[in-house]
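Shown next, in structure tokens, is the structure this report addresses.
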Protein chains: 2
Amino acid sequence: MPTKSEKKSLPALSERPNLATAEDVPRFPPCADCALRKSGRFTPITVTELAFVQDFRHANRVAPPGTVLIRETSSEGKLYTLYAGWAFRYKTLSDGRRQILNFLLPGDFIGLQQHFNDGAAYGVEALTSVSLCAFQQNGLMDLFKALPALGFDVTWLAASQKNVLDENLLTAGRRNATERVATLLLQLFQRAERVGLVVDGAIEFPLNQQHVADALGLSLVHTNKTMRRLLGLGLYRIEGGRLELLDRKALSRIADHDDGALRPVPLI
Amino acid sequence: MPTKSEKKSLPALSERPNLATAEDVPRFPPCADCALRKSGRFTPITVTELAFVQDFRHANRVAPPGTVLIRETSSEGKLYTLYAGWAFRYKTLSDGRRQILNFLLPGDFIGLQQHFNDGAAYGVEALTSVSLCAFQQNGLMDLFKALPALGFDVTWLAASQKNVLDENLLTAGRRNATERVATLLLQLFQRAERVGLVVDGAIEFPLNQQHVADALGLSLVHTNKTMRRLLGLGLYRIEGGRLELLDRKALSRIADHDDGALRPVPLI
DNA sequence: CGATGGTTTGACGCTACTCAACATAAGTGG
DNA sequence: CCACTTATGTTGAGTAGCGTCAAACCATCG
């Protein structure tokens with residue numbers, strides 16, 4: 001039977017004084033000055049739409065690592081865009097076994113499912129310090145009505161999160177431990193790359209091995225041994241909380257996972 | 001390493017002359033007479049919206065069991081609503097290992113992700129004879145513009161499919177074989193129940209054990225042994241291609257899965 | 001009938017899990 | 001500054017759940 005995971009995680013990792021990414025939490029400029037959007041790594045948006053989004057944004061929120069942003073039991077339909085930092089969605093069984101469903105990176109839209117709640121629930125927890133743009137809970141329909149293109153973008157984001165879930169399900173269901181680790185490293189790197197988080201060929205990597213295990217459906221011990229093996233093969237390096245891929249071709253081959261640049265997605 | 005699955009599946013199961021469901025393929029009435037919608041098991045819709053949907057519907061399609069409705073490699077953005085019958089979405093690794101991502105029941109909206117293609121691909125295959133409403137490929141944005149409420153519904157459907165994926169990922173990642181089978185049986189029954197497919201306390205069950213294995217990330221042999229065990233415990237019965245749950249409480253307990261009625265979702 | 005697809009069962013082996021212990025780094029309070 | 005604690009990573013030993021291989025059984029079909 002799979003591992004039970006710890007109930008709490010501590011800030012330790014994310015407080016290392018390294019190349020800062022989530023450490024210096026960005027404040028919240030008006031949407032027109034949004035650093036994320038200005039990176040040019042998202043699909044374009046009109047000024048009208050931008051103004052609407054600004055108006056739709058209801059509040060901002062900053063939270064330290066380990067914060068539960070959405071409780072697994074709650075059914076409040078909070079809506080966020082992750083502006084900076086890392087988080088993850090998860091579900092747990094009643095005996096504590098935890099499955100991480102997917103990791104959330106800047107630009108990801110959070111909480112859409114709760115909004116249409118089915119009773120089904122998931123939790124969201126911050127991995128690093130995070131900054132969130134919080135939207136009006138009941139305004140989603142208004143957004144669709146006022147600016148259909150934005151509604152379209154919301155759907156687009158939902159669809160691309162579904163793609164990630166598809167991949168993760170394939171991984172958990174049909175890949176062995178080595179393939180799983182390779183897939184995860186590659187996938188996270190690709191996703192970070194898309195939103196411009198690569199600095200000096202490396203990305204921040206705030207996961208501990210328990211997170212990796214819970215994301216891949218493996219036990220902590222086996223995850224460790226598998227990661228150690230890939231490390232020994234010189235395929236990647238994690239130092240100072242940052243991940244560098246030393247042989248993407250090999251990882252891509254092991255994972256049987258395409259290593260191409262991901263297309264831009266919208267930013268709400 | 002997980003099982004390789006068969007490349008092809010044949011109609012065998014679905015052609016049994018039993019209580020007909022997908023056998024007598026429904027023809028396509030105008031949307032106003034849609035049998036599915038008239039079942040009252042979907043969220044309400046206005047006449048204006050209904051007219052638009054009718055217009056948005058571009059063609060109909062009927063396909064026999066085993067038909068590949070969407071090829072895993074294609075990136076054409078076909079859009080369908082499954083009107084009658086069962087299908088499933090899947091991904092395969094290059095050596096043939098297959099993961100079924102989720103099963104599709106009447107009312108499910110198909111093809112949304114391809115529409116926003118990321119390079120990521122999945123296939124869709126008919127389990128039974130299926131009837132599909134095919135929509136205009138490039139008209140999705142028009143739909144959002146013309147009737148935002150319909151766009152909202154599309155998003156809603158995407159979100160509820162995401163919920164199913166979340167559950168399936170939890171299952172594949174953290175449940176053992178017995179729990180997985182129990183979860184699948186219960187989940188399919190609940191979903192079938194929601195759209196009114198229960199007749200005499202049983203639903204059509206067109207999956208063979210290879211499908212179950214591929215959905216749960218198990219090998220065929222182990223799936224068989226596990227199903228046999230649950231059968232021996234008198235928890236369910238499959239006869240003549242129909243599934244009956246004999247002890248939902250027990251299944252729900254084993255699966256650690258809530259056994260409540262699912263809420264209605266929209267129908268496009 | 002033989003052919004085919006699906007189900008079932010037994011034997012065996014390996015991957016991944018469990019248990020347990022130890023190492024390391026960082027933080028805390030005295 | 002040190003003893004103590006906590007989080008995380010590492011390694012070894014033993015085991016079991018699940019995969020693989022192989023063969024048989026059964027039903028349907030041409």
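All of these numbers come straight from a predicted model, not from anything done at the bench. Chain naming here is simple, since letters A, B, ... match the order of the sequence lines and numbering starts at 1 in each.
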Output the rounded distance in Å from [atom1] ([X]) to [atom2] ([N]).
| X | N | atom1 | atom2 | value |
| --- | --- | --- | --- | --- |
| A:Asn208 | D:dT6 | CG | P | 18 Å |
| B:Arg229 | C:dT8 | CZ | C1' | 14 Å |
| A:Leu220 | C:dC19 | CG | P | 13 Å |
| B:Ile238 | C:dG6 | CD1 | C1' | 13 Å |
| B:His222 | C:dC12 | NE2 | P | 19 Å |
| A:Gln210 | C:dC17 | CD | C1' | 13 Å |
| A:Arg175 | C:dT15 | CZ | P | 18 Å |
| A:His211 | D:dG9 | NE2 | C1' | 14 Å |

Can you find a side chain N or O atom of [X] that sits less than 4.0 Å from OP1 or OP2 on [N]?
| X | N | result |
| --- | --- | --- |
| B:Arg228 | C:dT7 | no |
| A:Gln209 | D:dA7 | no |
| B:Asn224 | C:dT7 | no |

Is there, by distance only and without an angle test, a donor paired with an acceptor across the side chain of A:Lys225 and the base of D:dG12 below 3.5 Å? yes
Per side-chain contact (heavy atoms from CB on, under 4.5 Å), B:Leu169 is matched among A:Thr171, A:Leu170, A:Leu101, A:Asn102 by A:Leu101
Does anything in residues 220-237 of chain A pair up under salt bridge (Lys or Arg N to Asp or Glu O under 4.0 Å), and if so which pairs, sequence neighbours excluded? A:Arg237-A:Glu244
Can you identify which nucleotide, out of [options], has its nearest atom closest to the [X] side chain?
| X | options | value |
| --- | --- | --- |
| B:Val221 | C:dA16, D:dA22, D:dG19 | D:dA22 |
| A:Asn176 | C:dT7, D:dC18, C:dA16 | C:dA16 |
| B:Leu218 | C:dA16, D:dC18, C:dT8 | D:dC18 |

So, A:Asp214 and A:His211: side-chain donor and acceptor under 3.5 Å apart, yes or no? no
Just by distance, no angles: are the side chains of A:Lys78 and A:Gln114 close enough, under 3.5 Å, to form a donor-acceptor pair? no
Aromatic centroids of A:Phe28 and A:Tyr83 separated by under 6.0 Å: yes
